[in-house]
Enquirer: 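For reference, the structure I am asking about is given below.
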Amino acid sequence: MTRNDYRLWLAYHCGSIQGKLTARELEKFRAFDFALHILVPQNILLDKLGGYNKLQNLNIYHNYPLIKKLAKEFCVTEDLILIQLANILKKNHTKQKVLKKEDNIIYVKF
């Protein structure tokens, strides 16, 4: 991964890319995301934080000492920890909105 690829991937996860991405860029991002899940497994990260409920109560963007500590434990940058924590929160937040699935209909809570 080049430095420019890394910066573009970070921008993608921060939502600051305005234009469309090429198929090649999307392919690279999927590979980077796969590597992130190997380097920082979500279940282990959650265990270190004491579970999902504790993560929900943390202000992850203003708890730099914790982010720095986790980055050191996983041997990655702080950015990667923040992205993975945001992924966990986003994934579980979406799951909580789904009330039930019935055939091809999904009932959600807004």
Side-chain angles (χ1 to χ4, degrees):
M1 172 189 304
T2 67
R3 188 174 299 205
N4 287 336
D5 288 339
Y6 180 72
R7 287 185 185 139
L8 186 62
W9 180 71
L10 285 177
Y12 171 74
H13 275 284
C14 294
S16 49
I17 294 180
Q18 301 299 322
K20 275 196 163 193
L21 297 171
T22 65
R24 176 93 170 116
E25 288 170 333
L26 287 172
E27 184 179 306
K28 276 185 184 181
F29 292 170
R30 279 190 222 107
F32 296 163
D33 287 341
F34 178 75
L36 174 62
H37 289 292
I38 290 173
L39 292 170
V40 185
Q42 290 183 354
N43 58 338
I44 295 173
L45 184 57
L46 273 176
D47 285 345
K48 288 190 179 288
L49 292 170
Y52 180 74
N53 290 335
K54 285 199 177 182
L55 173 59
Q56 276 187 306
N57 295 328
L58 281 176
N59 188 343
I60 60 172
Y61 298 106
H62 292 96
N63 198 337
Y64 185 71
L66 174 64
I67 301 303
K68 189 172 182 173
K69 177 183 169 242
L70 290 168
K72 189 174 181 179
E73 286 180 28
F74 284 99
C75 300
V76 296
T77 65
E78 290 89 0
D79 294 330
L80 296 181
I81 296 295
L82 287 170
I83 288 171
Q84 194 65 308
L85 290 172
N87 286 341
I88 292 168
L89 289 169
K90 182 177 154 186
K91 182 176 96 175
N92 284 320
H93 181 69
T94 304
K95 279 184 182 179
Q96 290 175 346
K97 287 188 172 192
V98 175
L99 299 174
K100 70 177 181 176
K101 295 178 184 179
E102 192 174 277
D103 296 326
N104 63 344
I105 300 171
I106 299 174
Y107 297 90
V108 295
K109 174 179 64 175
F110 289 98

Enquirer: Rounded to the nearest 0.5 Å, what's the gap from NZ on K69 to CG on N63? Could you check?
Expert: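 Here the interatomic distance stands at 10.0 Å.
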Enquirer: Hey, what do you get for CG (L10) to CD1 (I17), rounding to the nearest 0.5 Å?
Expert: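 One finds 9.5 Å between CG of L10 and CD1 of I17.
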Enquirer: Quick one: side-chain contact (heavy atoms from CB on, under 4.5 Å) partners of N57, sequence neighbours excluded?
Expert: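 Scan of N57 (side-chain contact (heavy atoms from CB on, under 4.5 Å), adjacent residues dropped) gives none.
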Enquirer: Please list, chain by chain and in numerical order, all residues satisfying side-chain contact (heavy atoms from CB on, under 4.5 Å) with N4, sequence neighbours excluded.
Expert: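 side-chain contact (heavy atoms from CB on, under 4.5 Å) list for N4, sorted by chain: T2, R7.
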Enquirer: Applying side-chain contact (heavy atoms from CB on, under 4.5 Å) to I60 and L66, what does each step give before you reach the verdict?
Expert: CA-CA 8 Å; I60 60 172; L66 174 64; over 6 Å; no
Enquirer: Give every donor-acceptor pair under 3.5 Å between a side-chain atom in residues 23-31 and any protein atom, sequence neighbours left out.
Expert:
residue, atom, partner, partner atom, Å
E25, OE1, T22, N, 2.9
E25, OE1, T22, OG1, 3.4
K28, NZ, D5, OD1, 3.2
K28, NZ, D5, OD2, 3.1

Enquirer: Only counting residues at least two apart or in another chain, list the ones meeting side-chain contact (heavy atoms from CB on, under 4.5 Å) with A35.
Expert: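 By the side-chain contact (heavy atoms from CB on, under 4.5 Å) rule, A35 matches no residue at all.
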Enquirer: Roughly how far, to the nearest 0.5 Å, is the CG atom of L45 from the CD1 atom of I88?
Expert: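 Going from the CD1 atom of I88 to the CG atom of L45 covers 4.5 Å.
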Enquirer: Throw together a table of side-chain donor-acceptor distances under 3.5 angstrom for residues 77-86, partners on residues two or more places apart or in other chains.
Expert:
residue, atom, partner, partner atom, Å
T77, OG1, Y6, OH, 3.0
T77, OG1, L80, N, 3.4
E78, OE2, Y64, OH, 3.4
Q84, OE1, Q42, NE2, 3.4
Q84, OE1, N87, ND2, 3.2
Q84, NE2, H37, ND1, 3.2
Q84, NE2, V40, O, 2.6

Enquirer: Which pairs pass salt bridge (charged side-chain N to carboxylate O under 4.0 Å, His left out) with one or both residues in residues 48-60, sequence neighbours excluded?
Expert: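 Pairs touching residues 48-60 that pass the test: K48-E73.
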Enquirer: Taking the side chain as every heavy atom from C-beta outward, state whether V76 and L70 have any pair of such atoms under 4.5 Å apart.
Expert: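 No, too far: nothing below the 4.5 Å cut-off.
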Enquirer: Going by side chain to side chain donor-acceptor pair (under 3.5 Å), name the residues that satisfy it together with D33, two or more places apart in sequence or in a different chain.
Expert: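 D33 satisfies side chain to side chain donor-acceptor pair (under 3.5 Å) with W9, H13 once adjacent residues are dropped.
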Enquirer: Heavy-atom count around F74 CZ within 6.0 Å, excluding the residue itself: above 12?
Expert: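 It does: F74 CZ has more than 12 such atoms within range.
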